[in-house]
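Read the structure below first, then the notes.
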Amino acid sequence: MDKAKMQKWTALFVKIYIFALVLYQTLWQIVPVRVFLLNTGLDIISPALAVLGFAFLVADVFIEKTVFQSKYCIFLIAVVAIMGISSLLYINYGWIDNAKVIVWQVVQMFLLYSLYLRMDSKQIKIYLGYIFGVVSVIFMMAVIVSLCQFLFQTSYNVQMDGGVYRQGFQEGRLFGIFGNINHASLLMCFMGIGAIYCLTILNKKWLKILMGIQTMLSFIYVVLTGTRSALVCMIFAVILCAFVSMRNIAYKKNFCKLKFRRFICAAGVSIICAGMLFAIYLGVHKVMVKVPVWIGTVNLAVNDNEDLPGDIITEPDRQDINSGDISNNRFKIWKDYLQCDFSNIKSILFGYSPGNYMKIIKDNFPDYYIVEYAQEKYPQAYIENQIYETHNSYLTLLTGTGLVGFVIMGAFLVLSVLSALKCFITRRYISNYAILLMVMLGMILIFNIFESVLFYAYTSISVVFWLMMGILAKETELTEIAADTAAQTVLTCK
């Protein structure tokens with residue numbers, strides 16, 4: 001088989017593989033589907049995908065060597081090496097959990113991230129369009145069911161994977177039928193932002209109507225979840241979109257010619273738009289509070305689980321932060337993890353291994369809050385060596401592989417972001433597509449401050465992140481090529 005055919009078949013495999021990965025992760029977010037997968041043994045799809053992706057990468061090393069062609073790949077290879085070293089240092093705690101984490105991390109960092117090397121920009125856009133369409137259908141069905149649970153004040157708990165998953169509307173928040181309310185809220189932000197982008201490129205009216213409905217439903221769901229991290233991410237998205245859009249208009253209309261004036265103008269518009277978003281958020285919140293009362297479903301609320309309070313809370317008001325701890329225990333969690341991380345030289349440099357750090361901390365720091373809380377509240381999870389998670393992806397990175405892994409991955413992120421910013425700032429006009437990529441990546445990086453969803457994890461958000469990082473690298477590369485071509489044209493004319 002010649003090289004062209006080989007590249008065609010490997011590109012096709014990667015496209016099918018990533019689509020299967022995204023589809024599985026999308027379905028996994030929905031608790032009824034997850035229960036079905038667990039009960040039927042179909043959850044084996046996840047490890048099967050991991051093995052398949054890893055095997056493909058091993059073969060690729062000897063065939064196309066795409067692994068070594070992605071941007072700043074040297075840092076990613078170094079991260080894998082550090083994960084291996086950290087795992088070996090704690091081999092007495094076992095190797096299986098570390099192996100699982102490393103395999104998934106390798107698949108995401110090299111297979112998902114390198115997608116941009118296998119397709120051109122137009123093919124990537126078409127491919128992402130198909131994926132977005134499928135994910136939109138699945139998630140909007142789940143959102144509609146979740147909103148119905150709010151309207152009819154339904155709540156119940158599902159026991160699964162050694163934990164309890166809250167469902168429906170309870171404790172003043174809409175959990176819906178999603179497994180993790182925080183992850184779901186960010187994903188719905190993506191659904192809304194993606195729908196808004198589609199409104200700018202679609203021509204068919206019925207598709208525009210559907211995208212408008214999707215934007216509205218996604219926003220309402222996020223409001224009812226009461227997830228503050230999602231609100232912060234939405235504000236960031238509005239600020240960035242407004243700033244870049246205003247900058248584009250200033251260049252196009254040729255006003256505010258001085259850079260300082262353009263900056264002030266764009267910043268002013270951004271602040272106004274952020275204020276408008278917050279006002280709309282509060283307005284929707286107040287209206288939605290009254291809807292169950294208007295339709296008379298408050299008194300019809302049924303409690304299907306004896307462990308829940310009989311009077312279901314009808315107002316979306318966070319009950320978990322009314323105790324005076326605005327961080328919802330995160331400050332305690334972060335403090336404990338940092339003390340563990342800097343307790344000895346080995347942990348400072350190499351952490352506690354990416355897959356076994358909870359088990360190691362549980363055994364060595366039994367009196368810490370992150371351990372005692374799990375033992376008291378989630379005894380089954382505690383038996384399975386699970387403790388309070390870091391609720392911060394950067395802290396997970398530090399805990400898993402120490403300062404060495406933290407610095408190396410940090411260098412990759414900083415260089416990637418700076419490269420993109422430098423490239424786009426020099427352009428007079430930034431496309432909506434590039435804005436979409438920057439907004440989504442920025443939202444994930446901010447969200448990581450509050451949740452453990454990216455490093456040493458295989459989640460829907462980590463899948464989106466590594467895909468978007470590769471696609472952003474593609475756009476940066478195209479922009480640099482265009483700039484170099486323009487510069488050469490000018491020199492030739494002279």
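Nothing fancy with the numbering, it's 1 onward along the sequence.
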With a 3.5 Å cut-off and no angle check, do the side chains of Ser155 and Arg166 form a donor-acceptor pair? no
Is a donor from one side chain sitting under 3.5 angstrom from an acceptor on the other, for Thr401 and Tyr456? yes
Which is it for Phe152 and Gln149 under the side-chain contact (heavy atoms from CB on, under 4.5 Å) test, yes or no, and what are the steps along the way? CA-CA 5 Å; Phe152 292 100; Gln149 290 178 327; over 6 Å; no
Taking every heavy atom of Ile435 against every heavy atom of Cys241, the minimum-distance pair comes out as CG2-SG, 3.9 Å
Please find the pair of heavy atoms, one from Phe450 and one from Ser229, that lie closest to each other, and give the distance. CD1-CB, 3.6 Å
Nearest-0.5 Å distance, CD1 of residue Ile124 to CZ of residue Arg118: 11.5 Å
Start with the C-alpha distance between Tyr221 and Phe178, add both sets of side-chain angles, then the distance that settles ring-ring contact (aromatic ring centres under 6.0 Å, His included), and finish with yes or no. CA-CA 11 Å; Tyr221 176 80; Phe178 292 97; 5.3 Å; yes
Would you say the side chain of Val135 lies within less than 4.5 Å of the side chain of Val22, judging by non-hydrogen atoms? yes
Side chains of Asn157 and Gln167: does their closest heavy-atom pair fall under 4.5 Å? no
Give a yes or no on whether a salt bridge exists between Arg330 and Glu451, defined as a side-chain N under 4.0 angstrom from a carboxylate O. yes
Would you name the heavy atoms of Glu475 and Ser121 that are closest together and state the gap between them? OE2-OG, 3.0 Å
Going by atom types only, do Glu389 and Tyr337 share a side-chain donor-acceptor pair under 3.5 Å? no
Verify the distance criterion only: is there a donor paired with an acceptor across the side chains of Thr225 and Ser185 at less than 3.5 Å? no
Using the rule given for side-chain contact (heavy atoms from CB on, under 4.5 Å), can you reason through Met140 versus Met188, listing the C-alpha separation, both sets of side-chain angles and the distance that settles it, and then say yes or no? CA-CA 9 Å; Met140 286 308 103; Met188 290 314 109; 4.1 Å; yes
So, Gln108 side chain and Trp104 main chain: donor-acceptor pair closer than 3.5 Å or not? yes
Using a 4.5 Å cut-off on heavy atoms from C-beta on, say whether the side chain of Glu376 contacts that of Tyr382. no
Going by heavy atoms in the side chains, are Thr154 and Phe169 under 4.5 Å from each other? no
For Lys125, is the NZ atom crowded, meaning more than 12 foreign heavy atoms sit under 6.0 Å from it? yes
Quick one: pull up CE in Met276 and CD1 in Ile271 and give me the separation to the nearest 0.5 Å. 14.0 Å
What residue among Thr396, Asn392, Thr390, Leu398 forms side-chain contact (heavy atoms from CB on, under 4.5 Å) with Tyr394? Asn392
What's the spacing between Leu445 CG and Leu413 CG if we round to 0.5 Å? 6.5 Å
Ser393/Ser452 under side chain to side chain donor-acceptor pair (under 3.5 Å): CA gap, chis, key distance, verdict: CA-CA 4 Å; Ser393 290; Ser452 314; 5.3 Å; no
Any side-chain heavy atom of Tyr127 sitting closer than 4.5 Å to one from Ile18? yes
Tell me whether the rings of Tyr369 and Tyr373 are parallel (<30°), tilted (30 to 60°) or perpendicular (>60°). tilted
Just by distance, do the side chain of Gln153 and the backbone of Phe150 share a donor-acceptor pair under 3.5 Å? yes
Kindly determine whether Met469 and Phe412 satisfy side-chain contact (heavy atoms from CB on, under 4.5 Å), including the steps that lead there. CA-CA 11 Å; Met469 282 296 290; Phe412 169 79; 3.8 Å; yes
Closest contact, heavy atoms only, Ala374 versus Gln386: CB-O, 3.6 Å
Residues 205-219 vs side chain to side chain donor-acceptor pair (under 3.5 Å), sequence neighbours excluded, gives Ser136-Gln214
Carefully, step by step, assess Ile361 and Thr399 under the rule side-chain contact (heavy atoms from CB on, under 4.5 Å). CA-CA 10 Å; Ile361 291 175; Thr399 304; 4.0 Å; yes
To the nearest 0.5 Å, what is the distance between CE on Met109 and CZ on Phe465? 11.0 Å
Could you tell me whether a side-chain N or O of Lys359 sits under 3.5 Å from a main-chain N or O of Asn385, the two making a donor and an acceptor? no
Other residues, nucleotides, ligands: >12 heavy atoms within 6.0 Å of Met216 CE: yes
Where the side chain of Asp97 meets the backbone of Asn356, is there a donor-acceptor pair that is under 3.5 Å apart? no
Quick check: do Gln25 and Tyr458 have side-chain heavy atoms less than 4.5 Å from each other? yes
With a 4.5 Å heavy-atom cut-off, do Leu128 and Ile471 have their side chains touching? yes
Spatial distance of atom NZ (Lys332) from atom OH (Tyr368) [nearest 0.5 Å]: 15.0 Å
Is the ring centre of Phe190 less than 6.0 Å from the ring centre of Phe139? no
When you compare the side chain of Val453 with that of Ser462, does any pair of heavy atoms fall below 4.5 Å? no
Look at atom CD1 of Ile126 and say whether more than 12 heavy atoms of other residues, nucleotides or ligands are closer to it than 6.0 Å. yes
Please find the pair of heavy atoms, one from Ser460 and one from Leu187, that lie closest to each other, and give the distance. OG-CD1, 3.4 Å
Who pairs with Arg34 by salt bridge (charged side-chain N to carboxylate O under 4.0 Å, His left out), at least two apart in sequence or on another chain? none
Taking all non-hydrogen atoms of both residues, which atom of Tyr17 and which atom of Leu49 are closest, and how far apart? OH-O, 2.5 Å
Hey, can you tell me if Tyr281 and Phe278 have their rings parallel, tilted or perpendicular (30° and 60° cut-offs)? parallel
Kindly compute the distance separating CG (Asn432) from CG (Leu199), expressed to the nearest 0.5 Å. 11.5 Å
